[in-house]
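Written below as structure tokens is the structure these notes are about.
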2 protein chains.
Amino acid sequence: MSSIRYALLSLLAREPLSGYDIKLQMNGRIGPFWKVGSNQVYPELSKMEAEGLVKLQGVEQHTYRPARKLYEVTEAGKEALIRWTVEPGGVENVRDDFLLKAYNAWLVEPEKMKVQVEEIRKLHEERLAAYEEKVEELKRIADPGKTDDPIASSISVVEFGVEYERLYIRWCDNFLKKL
Amino acid sequence: MSSIRYALLSLLAREPLSGYDIKLQMNGRIGPFWKVGSNQVYPELSKMEAEGLVKLQGVEQHTYRPARKLYEVTEAGKEALIRWTVEPGGVENVRDDFLLKAYNAWLVEPEKMKVQVEEIRKLHEERLAAYEEKVEELKRIADPGKTDDPIASSISVVEFGVEYERLYIRWCDNFLKKL
DNA sequence: AGCATCATGTAACTTGTTACATGATTGT
DNA sequence: ACAATCATGTAACAAGTTACATGATGCT
């Protein structure tokens, strides 16, 4: 059920990370999709540690700061992740307030709606640029030919993001024309 | 904050509905995006009634069944909806388990991944067909020329769905090729 | 006989969000 | 001086899911 745990495992399967790292990665560039709060990350890591899915790889201490706890997946964790990955199901959950607002466009003066659309359009332009850059960056370090290269999987997912943002921008332009 | 209330208002602004109707509309064709449970709909309707955003238009009683309570928006409700609609902000919340699974493709035998992708692809083909049909249906009853026609807004939103599903299918085909 | 539909609603539970707390350090 | 960054975590609250309860009717 709770799939936040698999999000954490997916990241940890690639490299050891601290809870803070995970938060940054999920809320950063790739993460307009999938935000998490620290209240989810830290307790979930502890739980998974208790269940033997992850273990502490080490603790970095810089005297003045809280200790940085680096986690890595265990064999059991990797198996659990693989089991979940090939398990059927995985429908997306989309909740788009802007689209709901567009559904109400008929209630509002077109000029006011235009302001809204342009604001959102700008946001998606920014995301698009970030994703495109990310794809370039990943392609530079990818190892072509290897099918089990995590970078190849990353590229596919970020490319989805690129196409999604392009679609969103096209749709905004179309919507603006109709207003 | 709670935007489920605006989803309900958006539907009620078009026609009076019962809680049950709202549930059907949201979980039906348009509603792979945005599912709601009865525990959300009924209490929220009561709350909004207490706040004067909606009011009972009438109660249909078919003797043997629970009374069917038809709600309609009040002026205050319509104003609240318009205020929310033109208010900035409205970033989408996407949580796509399948995309997360794709991110883990490198861990899994390609054959097993293919099964997964094909299953999801099929689901999106079905949705695409449903949305395309819906667009056709809406276009038949739309009143062209009128800018304040709710049907026009509906068409735009469902067309987003159409493009989204097409993108998803294209992406699946691409991903399959790479596996 | 047994399940699906209509129609309301409640209860128990799991998730997710927002805000707070600590505390030295680096940048403006 | 003040905010941001690093790094952990807790507490209070809001939202969402799953299951249940009622109860007549119509379909297979």
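Since the model is a prediction, treat every value here as computed from it, not as a measurement. Computed over heavy atoms, backbone and side chain alike; hydrogens, waters and symmetry mates excluded. Chain letters run A, B, ... following the sequence lines, proteins first, then strands; residues in each count from 1.
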TODO: Check step by step if side chain to side chain contact (heavy atoms under 4.5 Å, CB included) holds for A:F98 and A:I120.
DONE: CA-CA 8 Å; A:F98 174 68; A:I120 291 286; 3.5 Å; yes
TODO: Begin from the C-alpha positions of A:H124 and A:L128 and carry the test side chain to side chain contact (heavy atoms under 4.5 Å, CB included) through to its verdict.
DONE: CA-CA 6 Å; A:H124 287 283; A:L128 173 59; over 6 Å; no
Task: Stepwise side chain to side chain contact (heavy atoms under 4.5 Å, CB included) test for A:E92 and B:R95 - done: CA-CA 6 Å; A:E92 77 274 43; B:R95 194 140 308 192; over 6 Å; no
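A cation-pi arrangement is present between A:R14 and B:Y103 under the rule of less than 6.0 angstrom and at most 45 degrees off the ring axis.
In terms of position along DNA chain C, the nucleotide closest to B:D21 lies nearer the 5' end than the nucleotide closest to the other residue of the pair B:D21 and A:V36. If you find the closest nucleotide of DNA chain D to A:E60 and to A:P43, the one lying nearer the 5' end belongs to A:E60.
There is no side-chain donor-acceptor pair under 3.5 Å between A:E163 and A:Y168.
As rounded to whole Å, 6 Å separates atom P of C:dC6 from atom CG of B:L24. B:L56 has its CG atom 15 Å from the P atom of C:dA7, to the nearest Å. One atom, CD of A:Q40, and another, C1' of D:dA11, lie 15 Å apart when rounded to the nearest Å. Residue B:Y42 contributes atom OH, which lies 16 Å from atom C1' of D:dT18 at whole-angstrom precision. In this entry the distance linking CD of B:E49 with C1' of C:dT8 reads 14 Å, nearest Å. Atom CG of A:N93 and atom P of C:dG16 are 9 Å apart (whole Å). A:E44 has its CD atom 12 Å from the P atom of C:dT14, to the nearest Å. For the pair A:N27 CG and D:dA7 C1', the interatomic distance rounds to 15 Å; values are reported in whole Å.
Distance alone, capped at 3.5 Å, places no donor-acceptor pair between the A:S18 side chain and the A:L70 backbone.
A salt bridge between A:K55 and A:E75 is absent, with no side-chain N of the basic residue lying under 4.0 Å from a carboxylate O of the acidic one.
Within 6.0 Å of NZ on B:K112 lie no more than 12 heavy atoms contributed by other residues, nucleotides or ligands. Heavy-atom contacts from other residues, nucleotides or ligands closer than 6.0 Å to CD of A:Q57 number more than 12. Around CD of B:E119, the count of heavy atoms belonging to other residues, nucleotides or ligands within 6.0 Å exceeds 12.
Minimum heavy-atom separation, A:N104 to B:W84: ND2-CZ3, 4.0 Å.
The side chain of B:R95 places no N or O atom within less than 4.0 Å of a non-bridging phosphate oxygen (OP1 or OP2) of C:dT15. For the pair B:K23 and C:dT8, the criterion of a side-chain N or O lying under 4.0 Å from OP1 or OP2 is not met.
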Contact list (N/O, under 3.5 angstrom) for nucleotides 19-22 of chain D vs protein:
none

Filtered N/O pairs between nucleotides 3-5 of chain C and protein, under 3.5 Å:
none

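An end-to-end axis angle of 40° holds for the helix from C:dA1-D:dT28 to C:dT28-D:dA1, taken from five base pairs per end and rounded to 10°.
Comparing C:dG9, C:dT17, C:dA7 against the side chain of B:K69 picks out C:dG9 as the nearest.
With A:K101 as reference, B:T85 is the one residue of B:T85, B:L81, B:V86, B:V157 to meet the side chain to side chain contact (heavy atoms under 4.5 Å, CB included) rule.
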